[in-house]
Engineer: 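Quick one: the structure is below, and I'll ask about it shortly.
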Amino acid sequence: MNYDFKQTEQKWQEKWEQSGVFEAKDNSDKKKFYALVEFPYPSGAGMHVGHIKAYSGLEVVSRKRRMEGYNVLFPIGFDAYGLPTENYAIKTGIHPRQVTDNNIAKFTSQLKRVGFSFDWKRVVDTTEEGYYKWTQWIFLKMFENGLAFRDKTLVNYCPSCKVVLSNEDSQGGKCDICHSDIVQKSKDVWYLRITEYADKLLEGLKDVDYLPNIKLQQENWIGKSTGAFVNFKVKNTEETLKIYTTRPDTLFGVTFMVMAPEHPMLDKYKDMISNFNEVEAYRAECAKKTEFERTQLVKDKTGVKLSGFVAVNPVNGKEIPIFISDYVMMGYGTGAIMAVPAHDQRDYDFAKKFGIDIIEVIKGGDISVEAYTGDGEMVNSDYLNGYKDKKSSIARVLEELEKQGIGEKGVQYKMKDWAFNRQRYWGEPIPIVHCEKCGMVAVPYSELPLKLPEVENFEPGQDGESPLAKIDEFVNCTCPKCGGKAKRETDTMPQWAGSSWYFLRYIDPHNDNELANMEKLKYWMPIDWYNGGMEHVTRHLIYSRFWHKFLYDIGAVPCEEPYAKRTAQGLILGPDGVKMSKSRGNVIDPNEVVDVYGADVLRTYVLFMGDYEQAAPWSENSVKGCKRFIDRIWNLQEILAEGDEYSPELSSSFHKTIKKVSEDIETLKYNTAIAALMTLLNAIYAKGSINKAELKSLLLLVNPFAPHVTEEINEAVFADGMLASTQWPTYDEAKCVDETIEIVVQINGKVRAKMNVPAEVEAADAIAMAKADEKIASEIAGKTIVKELYVKGRLVNIVAR
RNA sequence: GCCGGCGUGGCGGAAUAGGCAGACGCAAGGGACUUAAAAUCCCUCGGUGGCAACAUCGUACCGGUUCAAGUCCGGUCGCCGGCACCA
């Protein structure tokens, strides 16, 4: 009896779709479960096996939850705006809309072939008018609330993509998309004031169940530091130079100060600075450097000493020179620092190069060699002398600074505001109008969606202008406020926008009056479990949490945090153990696997191949192992016997396996869950028959992993409806334990014998039985017994000398 | 540089809370069935010694705690991920 997976899988996929078993029900009395997977970018290359692994995890959980009686929302959609589609359109002349529709159709059919239990009635496409209307709506709400603003700044600009990039998109000085070198350019840029939510984003982490390393990465990304702001007077002016430091305890060790070359105070006092020409020359030099170069030359410090511009240390009145150097950034703190070379390595390097004094204020290091950043007794520090640790000296100095009004406690974040616009066609138009009289004016809500106009040429303009800027009918408009002539904003939103709130739209995907109905939101939110890639746990997760917290603050959603729980799956590497890539030619196409082995095998393999959270290489041979597993399940029909309860030989195996599989699915240990099922299968074949009660339980347990073959067997044998809507099997804790167990007898910690004992044996009896063993008796004969231990259900250990 | 994580057979990986290291799968070797092959089934499968029972070593490396260490502690090396002149 050969298993025809092709026909069977197609048959059940159609049955599931027709019956609507996987459609989530609104207005249900049942307990809800909202499982979310990261929606894919529908690239032309089609699905990747990584997608299959990412979705299979929560797929199994979702199917189990339905069988446990939950009303499950397990949706899918498409994050379809983005550069690859646009670049493809530029190359081929095919409209991005057409490219996107084709790719979505391709992804949809591929996903359906794997048999995922998504609710296909709730598909969301970020590029669809009914969707991006609400993306624009959220933007306008942010604009109204002062969280979206425009500012002129130096931006990371990719000359190849002709696009402005956020710091996140240009890490290491390379464009995230095309990997060319980033240059700095002055431009008008839209920002979202995410920094205003920094503390809330940090605080919120306390209440959610994310993997610890995910929380940690978010914390590092936000980068909160506590310290102090201190005001240094500038000699012969009324000006104070404000600095931020985490080490106010070292104030008496300050021997110079450094300002960022772009610091605005420099221009204000350029007449006082007798060598301002040197400042300008240095600035020009810095502007040439990319952010990457700036961070590469860590050891070799450069800078210019300002003449005629001198600061005064507020704690001791000492005059201290001021330098400019590019190791101080305008974007962090106040753009100026107090330098304590004795206790900061960067300041130390700078001082050594420029021959500046190094004054030790904390004992414990050797400042003739390097800066000492550890703890120790304070010296050369007036009222701080004698303090023995950082914590108390900081507390003392803060008290003094506040009393004298020269400084205060302060907090800083590494996270910067989110650069939000792109000079690209295939994105959501930013719904803002620039009016000569009124300035920036929001497009009225009634005019949303502000539709993306048709263009003929998707290439960006010469100086990185958006393709939309070339469409006069789009650009020229009337001001919604005064009715006068105005011009539309022509930049579009970044790809992150649509993915920052998509999970809300699944709850009410066709609502034209609000982004989602509040009653429905109250029922479904928060997301019970969100799984996705490790590469998204900083940016996407922070951005979407930020949007959600904002929506909560304006009363659009009912809870503060969107995700109650977040996990991440590991990569699937190529068979050569290296990350899959087209250029390496080690990409596995999930379609081919489905063609050759079937969807059940593919699903089982991606979960069985290793620890779900770790990276693991693809192995064609191991796929075959899962094929055998599926075939052996099918062949159980050949050894089927009657029986409406577990046979005595297999009863405890079944109870144990149900327990193991049920628990492992909840903790991402799919590999050991499948291993347990294989072990049970081996036990069944060893016995030589399976009865109907046993088969039913086994089919239910395997069903979330391999739904097609199990449904088919169930129909053939029982013909009593779908497993998908059958109760998940239960186990009896009492029946998981065997009456007698094998334990180990050790002498001095080394295994010397094994014996069978009743499970509930007393320690003394177990030890007595052990000593009665012939081999053990001869081993301990003539020795003194020092200690005897019994570890319940495990071992007896006799320590003898 | 800083912050995380990891290091177990030929391979992917198991091993509650310190208690038989190597579950499960793959590969390999041997056998059965077959004219033959595929498929399937059975056996072996960390190293060394031994016909065997068994002994002995073994979880990156060095040391420690413990009756008992893959697991805990200290140090070293290596790999992976994140951040990176963050004051």
Side-chain angles (χ1 to χ4, degrees), chain A residues 2 171-172 211-221 223-225 227-228 243-247 250 257-258 260 294-301 325-329 331-340 343-347 349-350 412-416 534-535 537-538 570-571 573 577 604-605 608-611 613-626 628-629 631-632 635 663 669 671-682 685 742-754 775 786-800:
Chain A
N2 260 333
Q171 287 178 40
L211 293 175
N213 55 334
I214 295 178
K215 276 195 189 181
L216 200 76
Q217 277 198 33
Q218 295 220 352
E219 280 163 15
N220 289 343
W221 189 267
K224 182 175 182 168
S225 90
I243 60 94
Y244 175 73
T245 180
T246 54
R247 296 298 303 274
T250 61
M257 296 182 79
V258 187
R294 243 174 113 151
T295 55
Q296 277 301 291
L297 307 163
V298 174
K299 285 181 196 84
D300 190 23
K301 298 275 186 286
S325 172
D326 63 358
Y327 85 90
V328 172
M329 311 287 160
Y332 184 80
T334 61
I337 62 158
M338 65 177 215
V340 186
H343 305 291
D344 182 288
Q345 192 58 41
R346 294 155 301 179
D347 298 346
D349 294 340
F350 194 88
Q412 283 292 306
Y413 301 94
K414 284 187 198 173
M415 189 169 67
K416 293 178 184 142
M534 210 53 206
E535 68 275 22
V537 304
T538 45
L571 284 178
L573 306 173
T604 308
Y605 175 63
F608 181 66
M609 63 193 298
D611 182 339
E613 296 172 66
Q614 266 353 98
W618 185 269
S619 159
E620 183 78 21
N621 275 325
S622 293
V623 177
K624 286 181 197 160
C626 290
R628 273 177 215 148
F629 172 63
D631 285 344
R632 271 156 65 87
N635 292 334
E663 289 173 355
K669 302 189 127 227
N671 55 337
T672 50
I674 293 167
L677 289 166
M678 288 172 168
T679 306
L680 178 63
L681 196 59
N682 289 341
Y685 274 105
E742 189 186 64
I743 66 166
V744 167
V745 184
Q746 300 179 335
I747 306 279
N748 299 332
K750 294 199 168 177
V751 180
R752 283 294 178 271
K754 292 180 182 182
K775 180 152 188 241
V786 182
K787 205 171 187 176
E788 296 168 333
L789 297 111
Y790 170 66
V791 181
K792 188 166 186 275
R794 300 275 181 187
L795 54 80
V796 170
N797 188 14
I798 297 168
V799 186

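So that the names make sense, note that chain A is the first sequence line, chain B the second, and so on, each numbered from 1. We use all heavy atoms of the structure for the numbers below, so side chains are in, but hydrogens, waters and symmetry mates are not. Owing to the predicted nature of the structure, the values given are computational and were not obtained by experimental measurement.
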Engineer: Considering every strand shown, what is the Watson-Crick or G-U wobble mate of G12(B) when both distances are under 3.5 Å?
Structural biologist: C24(B)
Engineer: Let's see if you can work this out: which of A87(B), C83(B), C20(B) has an atom nearest to the side-chain heavy atoms of T245(A)?
Structural biologist: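 Minimum distance to the T245(A) side chain belongs to A87(B).
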Engineer: For the side chain of R632(A), starting at C-beta, report the closest nucleotide among C83(B), C85(B), C41(B).
Structural biologist: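 Taking heavy atoms from C-beta onward, the closest nucleotide is C41(B).
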Engineer: Could you check whether Q345(A) and D349(A), counting side-chain N and O atoms only, form a donor-acceptor pair closer than 3.5 Å?
Structural biologist: yes
Engineer: If you check every side-chain atom of M329(A), which of C26(B), C20(B), C85(B) has the closest atom?
Structural biologist: C85(B)
Engineer: A21(B) C1' sits how many Å from L795(A) CG, rounded?
Structural biologist: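 My rounded result for the distance is 14 Å.
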Engineer: In whole angstrom, give the distance that lies between atom CD1 of I214(A) and atom C1' of G82(B).
Structural biologist: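 Result: 13 Å.
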Engineer: May I ask you to evaluate whether N635(A) reaches the phosphate of U40(B), defined as a side-chain N or O under 4.0 Å from OP1 or OP2?
Structural biologist: no
Engineer: Rounding to an integer number of angstrom, what distance separates A36(B) and G22(B) when you compare their P atoms?
Structural biologist: 39 Å
Engineer: Is there, by distance only and without an angle test, a donor paired with an acceptor across the side chain of N621(A) and the base of C26(B) below 3.5 Å?
Structural biologist: no
Engineer: RNA chain B: G610(A) or M338(A), which has the more 5' nearest nucleotide?
Structural biologist: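 So the residue in question is G610(A).
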Engineer: Please determine, for U40(B), whether a Watson-Crick or G-U wobble partner exists with both distances under 3.5 Å, and give it or none.
Structural biologist: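 Partner of U40(B): A32(B).
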Engineer: With a non-hydrogen cut-off below 4.0 angstrom, is A336(A) in contact with a base, only sugar-phosphate, or nothing?
Structural biologist: nothing
Engineer: Between R628(A) and A39(B), does any side-chain N or O lie under 4.0 Å from OP1 or OP2?
Structural biologist: no
Engineer: Shortest non-hydrogen contact from V796(A) to I743(A)?
Structural biologist: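 Heavy-atom minimum between the residues: CG2-CD1, 3.8 Å.
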Engineer: How is Q746(A) classified with respect to the nucleic acid when contacts are heavy atoms under 4.0 Å: base, sugar-phosphate, or nothing?
Structural biologist: base
Engineer: Which of the following nucleotides, A87(B), C24(B), G19(B), is nearest to the side chain of M678(A)?
Structural biologist: C24(B)
Engineer: Tell which nucleotide pairs with G19(B), taking only Watson-Crick or G-U wobble pairs whose two distances are both under 3.5 angstrom.
Structural biologist: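 Pairing partner: C67(B).
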Engineer: Could you pull out the closest heavy-atom pair between E613(A) and L211(A), with the gap in Å?
Structural biologist: OE1-CD1, 3.3 Å
Engineer: Separation of E742(A) atom CD from G19(B) atom C1', in whole Å?
Structural biologist: 15 Å
Engineer: Is there a side-chain polar atom (N or O) of K792(A) under 4.0 Å from OP1 or OP2 of A17(B)?
Structural biologist: no
Engineer: Please state the P separation for the pair G5(B) and U71(B) - nearest whole angstrom.
Structural biologist: 16 Å
Engineer: Classify V799(A) by what it touches in the nucleic acid, base, sugar-phosphate, or nothing, heavy-atom distance under 4.0 Å.
Structural biologist: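 Sugar-phosphate: the residue V799(A), judged by heavy atoms under 4.0 Å, touches backbone atoms but no base.
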Engineer: For the pair made of CD1 in I674(A) and C1' in A23(B), what is the distance, rounded to whole Å?
Structural biologist: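 The answer, rounded to whole Å, is 14 Å.
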Engineer: Is K750(A) touching bases, backbone alone, or none of the nucleic acid, heavy atoms closer than 4.0 Å?
Structural biologist: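 Counting heavy atoms under 4.0 Å across all strands, the contact made by K750(A) is with sugar-phosphate only.
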Engineer: Taking the same atom, C1', in C24(B) and in C33(B), what whole-Å distance lies between them?
Structural biologist: 27 Å
Engineer: Mind checking the C1' distance from A68(B) to G64(B)? Whole angstroms is fine.
Structural biologist: 15 Å
Engineer: Checking only heavy atoms, does the side chain of K754(A) share a donor-acceptor pair with the base of C20(B) at less than 3.5 Å?
Structural biologist: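 Yes.
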Engineer: From C67(B), G12(B), A87(B), pick the nucleotide closest to the side chain of S225(A)?
Structural biologist: A87(B)
Engineer: If you only use heavy atoms from C-beta on, which nucleotide in C67(B), G12(B), G4(B) is closest to the side chain of N213(A)?
Structural biologist: G4(B)
Engineer: Report the residue (A675(A) or L216(A)) whose heavy-atom-nearest nucleotide on RNA chain B is the more 5′ of the two.
Structural biologist: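 Upstream on the strand: L216(A).
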Engineer: What's N682(A) touching, base or sugar-phosphate or nothing? Going by heavy atoms closer than 4.0 Å.
Structural biologist: sugar-phosphate
Engineer: Using a heavy-atom cut-off of 4.0 Å across all strands, would you classify D611(A) as base, sugar-phosphate, or nothing?
Structural biologist: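 Sugar-phosphate contact only - D611(A) comes under 4.0 Å of backbone atoms but never of a base.
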Engineer: In terms of side-chain heavy atoms of A616(A), which of C67(B), C85(B), G13(B) is nearest?
Structural biologist: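 Selected nucleotide: G13(B).
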Engineer: What are the two closest heavy atoms between V328(A) and A260(A), and how far apart are they?
Structural biologist: O-CB, 3.4 Å
Engineer: With syn defined as a glycosidic angle within 90° of 0 and anti as everything else, classify G12(B).
Structural biologist: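 What G12(B) shows is an anti base, its glycosidic angle lying more than 90° from 0.
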Engineer: May I ask you to verify if any side-chain N or O of Y244(A) is less than 4.0 angstrom from the OP1 or OP2 atom of A87(B)?
Structural biologist: no
Engineer: Could you give the distance separating A27(B) and C80(B) at their C1' atoms, to the nearest angstrom?
Structural biologist: 26 Å
Engineer: Under 3.5 Å, side chain of Y605(A) to main-chain N/O of S619(A), donor-acceptor pair present?
Structural biologist: yes
Engineer: Now, which nucleotide makes the Watson-Crick or G-U wobble pair with A55(B), with each of the two distances under 3.5 Å?
Structural biologist: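 Looking at the geometry, A55(B) pairs with U48(B).
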Engineer: Rounded to the Å, how far apart are M415(A) CE and A84(B) C1'?
Structural biologist: 17 Å
Engineer: Please give the nucleotide sitting opposite C2(B) as a Watson-Crick or G-U wobble pair, both distances under 3.5 Å, or none.
Structural biologist: G82(B)
Engineer: Starting at CG of N797(A) and ending at P of A68(B), how long is that distance when rounded to a whole Å?
Structural biologist: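 Computing the N797(A):CG to A68(B):P distance gives 8 Å.
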Engineer: Look at all strands and tell whether K775(A) reaches a base, only sugar-phosphate, or nothing, counting heavy atoms closer than 4.0 Å.
Structural biologist: sugar-phosphate
Engineer: What nucleotide among G13(B), C83(B), C24(B) has an atom nearest to a side-chain atom of T679(A)?
Structural biologist: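 From the listed options, C24(B) comes nearest.
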Engineer: Using whole Å, report how far CH2 of W221(A) lies from P of G4(B).
Structural biologist: 19 Å
Engineer: More than 12 heavy atoms of other residues, nucleotides or ligands under 6.0 Å from NZ of K792(A): is that the case?
Structural biologist: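 No.
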Engineer: Over how many whole Å does the gap from N220(A) atom CG to G5(B) atom P extend?
Structural biologist: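 Nearest whole value for this atom pair: 12 Å.
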Engineer: Taking the C1' atom in each of U8(B) and G13(B), what is the distance between them to the nearest angstrom?
Structural biologist: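 After rounding to an integer number of Å, I get 9 Å for this pair.
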Engineer: Could you tell me which non-hydrogen atom of K414(A) sits nearest to which non-hydrogen atom of N220(A), and how far apart they are?
Structural biologist: CD-O, 4.3 Å
Engineer: Please find the pair of heavy atoms, one from I674(A) and one from F608(A), that lie closest to each other, and give the distance.
Structural biologist: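 Scanning both residues, the minimum pair turns out to be CG2-CD1, 3.6 Å.
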Engineer: Which nucleotide, if any, forms a Watson-Crick or G-U wobble pair with C61(B), using both distances under 3.5 Å?
Structural biologist: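 Across any shown strand, C61(B) pairs with G75(B).
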Engineer: Using the P atoms only, state how far A14(B) lies from G82(B), rounded to an integer number of Å.
Structural biologist: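 Roughly 22 Å separates the two P atoms.
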Engineer: Determine, for F350(A) and K301(A), whether the Lys NZ or Arg CZ falls below 6.0 Å from the six-membered ring centre while staying within 45 degrees of the axis.
Structural biologist: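 So K301(A) doesn't make the cation-pi contact.
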Engineer: Please pick, from A14(B), A87(B), G13(B), the nucleotide with the shortest atom-to-atom distance to any side-chain atom of Y332(A).
Structural biologist: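 For the Y332(A) side chain, the nearest candidate turns out to be A87(B).
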Engineer: Any chance you could measure K224(A), atom NZ, to Q412(A), atom CD, to the nearest 0.5 Å?
Structural biologist: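 These two atoms lie 11.5 Å from each other.
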Engineer: As a test of reading the structure: which of G12(B), C3(B), G19(B) is closest to the side chain of F608(A), going by heavy atoms?
Structural biologist: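 Closest of the options to the side chain of F608(A): G12(B).
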Engineer: I'd like to know if K624(A) reaches the base of C26(B) with its side chain such that a donor and an acceptor end up less than 3.5 angstrom apart.
Structural biologist: no
Engineer: Can you check the distance between G7(B) and C43(B), where both ends of the measurement are the C1' atom (answer in whole Å)?
Structural biologist: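 Approximately 34 Å lies between the C1' atom of G7(B) and that of C43(B).
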